[in-house]
2 protein chains.
Amino acid sequence: MSPMSPSIKDVAVHAGVSVGTVSNVLNHPERVAEPTRAAVQSAIAALGFVRNSSAAQLRAGTSRSIGLIVLDLANPFFHDVARGVEQVADELGYAVVLCNSDDQTSRENRYLQVLEEQRVRGVLITPIEVSSDRLDALRKRGTPTVLVDRHDPRVNCCSVAVDDVVGGELAGAHLVTQGHERIVYFSGPLGLSQCADRLTGLRRSVAAAGLDPDAAIEVVEIPVMNARSTHDVARARFEQGEPATAAFCANDLMALGVLRAALSTGRRVPGDLAIVGYDDIEFAADAAVPLTSIRQPTQQIGRAAAQLLVEECDNPDTHAHQQVMFKPELVTRDSTQP
Amino acid sequence: MSPMSPSIKDVAVHAGVSVGTVSNVLNHPERVAEPTRAAVQSAIAALGFVRNSSAAQLRAGTSRSIGLIVLDLANPFFHDVARGVEQVADELGYAVVLCNSDDQTSRENRYLQVLEEQRVRGVLITPIEVSSDRLDALRKRGTPTVLVDRHDPRVNCCSVAVDDVVGGELAGAHLVTQGHERIVYFSGPLGLSQCADRLTGLRRSVAAAGLDPDAAIEVVEIPVMNARSTHDVARARFEQGEPATAAFCANDLMALGVLRAALSTGRRVPGDLAIVGYDDIEFAADAAVPLTSIRQPTQQIGRAAAQLLVEECDNPDTHAHQQVMFKPELVTRDSTQP
DNA sequence: ACTCGTGAATGAAACGTTTCACGATCTCCA
DNA sequence: TGGAGATCGTGAAACGTTTCATTCACGAGT
C-alpha cells in the first residue's frame, strides 16, 4: 500500500548521477552544473522524492528548529506571543515546534523530553515553576533557554517579561482615583512572581493614596487562571455579599469570569463592582461590559524572546544573558467608568 | 560549551555492556536482567543521556506522530478541536505536531512539507482548499489523511464534519419564527462548502416559512473570517443604514465583530438587530450581548478525527474511508430575545 | 557425562542523509 | 605541448539508533 518512499539513492540512479550530487542539488544547488541539476530535479519530481529529515538531521548533527512551550493556548495572550515568536523565527530561518503544557507539569515535562530528543537548538518556555530541575538540566546540557513572561531570580538565562509591579500600580492607582477603598484581587497562585508582583504594585498604589493596604485589599487566590474557575469562586463570594467595590483580576479570562458572576448575581458593573482585567485580549473590548485592562505588548514579548534565543543559539560563546522588561499600559473602558 | 551529548555507545561503555543491551533497556526492558538494567539506568543518569530521536526514527523507519494543521488557532473553535485530537492521540500513544496555517496557503504548504519530511504517520487537516494537488500527492504517497470540519465531495479520504445545512436551517428557522423577514448573512468565502451549506439551510428554512429567499436574504461575503474584518465591513454597511433586522454570521468571531459594529453605530441588539453566531465559543456567552449561536460538538470533532486517522494508520489495508457527520444545536441567548 | 533448552548479552548490519578528500575533464595561456 | 587552475562529480565514511542472528553460560533431564 505505502510503497517505501524513494530515497536519495533512487533519485541518483534515476538521474544517472551519484548520491552526493543529489544531495548537493538539495543543499548547495550552486555547486552543480545546470544540466545535471535539471536532470536531478526532474528525477525528484518523477519519483515524488521527499527528503527524510531524520536522516538529514542525524548526519548534520544539528537542527534548525526551536521549541516553544506555552502555559495555555486557550488564552489569547499566549496565542499572540506565539505569533510573535513565529514571525521572528521565520525571518531567521528557524522552525518553531509549538507545545501547550496546559498548566500541567506532566505535560511540560513530556514536551521538554520530546524537544530534547529532537535536539532542538533552543527552547522558549513559560514554565509552570521558574526553577525546575529539568530546566536546569536542559541548560546544563547546553541547550539555550529563554523564559517568556517570567523572570529568573538567579539570572542564569535570558528572559522577557513585563513589569508586573507597574501593572499592579496602574490598576490600583486607577481604582483608587475613582474612590474605591475596598478592592478584591482575584489572583493566580501567589507562587507565580507575576501574581505576587501585581499584588505588590497594587498595595503600593493603595498605600500611596494614604490607605492601609491590609485593610483595603483582599486577596483571593485561584489555582487555575481561567474563566470557569474564577467564575465559580467569585459567584460563591458574591452570593454571600461582596464587601469590595472593585475587583482586580490577574488576567482577562478571570475578569470575564468575575464579570459573569457579578451580572448573574444581580450586580451592576461598574456601578456595584468595578472590574480591571489584565492582558487586554481582543475579547476584553467585546465583553458584556467592555473591560478596563492592563495591556501588555504581547507580540513584542514573543518577538524579543525569539530574538534573544536565536542570538544565543548562534553565538553561544560570546552570548551574555539579558533580562528584557517591557512596560504595561492602562486601557480604560466601561467596566471602570465612574 | 555544549559538549556533544553522550550517545548510547558512551552509556554502554560506562555501564560495561554492549550498545544492543542499552537499546534493549530503553525499548524492551523486560528482555534484560535486573542487575544489568540497573547498571545501565545509572549510567544513563550519570551521563545525562537523552535518546536521539532522529537516529531512532531513521532506523525504525516509522514515527509515532501525527500532524494537525488547523486554519486559525486564534479561533477557540480550533483550539477545542486540537484538544480533542490530543486527548485521543495521547490515549493511543501518538504524539501530535500542531501547526497553524493561519489561512495562508504558503504556510499550509510549508507545514505539509515539514510533516512529510518528518515522516509523520498521518495528517489531520482543515485545508484552505478541500481539493489540493498537495493533499492528493500526500495521499498518493501513502500518508493517511483526515479532513477536519470539511468534507470531500469525491469521497477519497475520511472526514469529520458537522451538518452545516442543518445549522443554517436552525438559525433561519429561529429568526423567521421571531418574525424577521430581512436577514443578512455574513458569510466566509462561499467557496467553502461550510459557508455555502449554511446558506442553503438558511434559504431552506426561510422558504419553508413561505418567504422568498432571494428577497429575504442578503449575502455578504467576507474573505477573512475574523472579528476585525467583519466589524469593518459591517460598520460600513450600518453607517449607510442596514435594511435587515437580523444577522446570521458564519462564526462567533464574526458575530462579535457585527455586534461591536452594531452597538457602536447606535443600534440596540436584539431590538434593532438580532444576531446569530456559529460555533458557540466560550466567549459568546460573555459578549456585550450574549450571543445566540449554533453549537458544534467541538472536542468530539477532534476526537473522532483522531480516531479515524489512527484507525487508518494501524490498518491501512482493511481500512474503509468514512464520513462522520455530527448534528449542530441551537443555543439561544439575549442577542435574539424578542 | 551428555545433550537440550532457556534466558541473557553480543556485535554487526542497516536506515538515508551530508560531508569531504579525491578524481576527472576542460580551459587557458606560456 | 604541457601544466596550472577551474569546475563538476564521485564514492565512502560517518551520524546514533534498532534489530536480529548468534554466542554464551548454566541448570535440568536422561
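We name chains A, B, ... by the order of the sequence lines, and we start the count at 1 in each one.
By the neighbour-count criterion of 12 heavy atoms within 6.0 Å, atom CG of B/Asn315 is densely surrounded, having more than that number from other residues, nucleotides or ligands. Heavy atoms from other residues, nucleotides or ligands lying under 6.0 Å from CD of A/Glu129 number 12 at most.
Rounded to an integer number of Å, the gap from NZ of B/Lys9 to P of C/dT10 is 15 Å. Rounded to an integer number of Å, the gap from CG of A/Leu26 to C1' of C/dG16 is 12 Å. With rounding to whole Å, A/Gln57 atom CD is found 13 Å from C/dG16 atom C1'. One interatomic measurement links the two molecules: CD of A/Glu117 to P of D/dT17, which rounds to 10 Å at whole-angstrom precision. The nearest whole Å value for the distance from the CD1 atom in A/Ile8 to the P atom in C/dC15 is 15 Å. Computed from coordinates, the B/Gln118 CD to C/dT17 P distance equals 14 Å when rounded to whole Å. Spacing between atom CG of B/Asn27 and atom P of D/dT17 amounts to 11 Å, rounded to whole angstrom units.
Considering only side-chain atoms of B/Leu58, the nucleotide from C/dT18, C/dC15, C/dT19 that sits closest is C/dC15. Side-chain proximity of A/Ser7 to C/dG11, D/dG11, C/dT17: nearest is C/dT17.
A/Arg150 and A/Asp152 are not joined by a salt bridge, as no carboxylate oxygen comes within less than 4.0 angstrom of a charged side-chain nitrogen.
Annotation: side chain of B/Asp103 is not in contact with side chain of B/Met225 (no heavy-atom distance under 4.5 Å). The side-chain heavy atoms of B/Ile301 and B/Val160, taken from C-beta on, include a pair separated by under 4.5 Å. For the pair A/Gln118/A/Ser65, no side-chain contact is recorded, criterion being any heavy-atom separation below 4.5 Å from C-beta on. Considering only heavy atoms from C-beta on, A/Pro6 stays 4.5 Å or farther from A/His14 through its side chain. A heavy-atom distance below 4.5 Å is found between the side chains of A/Gln299 and A/Gln87. Under the 4.5 Å side-chain criterion, counting only non-hydrogen atoms from C-beta, A/Arg121 is not in contact with A/Pro144.
Phosphate contact (OP1/OP2 of D/dT10, side-chain N/O of A/Thr21, threshold under 4.0 Å): present. Not one side-chain nitrogen or oxygen of B/His28 sits closer than 4.0 Å to the OP1 or OP2 atom of D/dT18.
Here the closest heavy-atom approach between residue A/Gln323 and residue A/Ser159 is recorded as NE2-OG, 2.9 Å.
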| task | Could you give me the CA-CA distance, side-chain angles and deciding distance for A/Leu73 and A/Leu98, then say whether side chain to side chain contact (heavy atoms under 4.5 Å, CB included) is met? | result | CA-CA 10 Å; A/Leu73 262 189; A/Leu98 179 56; 4.2 Å; yes
| said: Please encode protein proximity along nucleotides 20-28 of chain D as a string of B, S and -, counting only heavy-atom distances under 4.0 Å. | reply: ---------
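Within residues 35-56 of chain B, the residues approached by DNA chain C to less than 4.0 Å at the level of any non-hydrogen atom are B/Thr36, in residue-number order.
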Which atoms of nucleotides 22-25 of chain C (N or O only) lie under 3.5 Å from a protein N or O atom, and what are those distances?
none

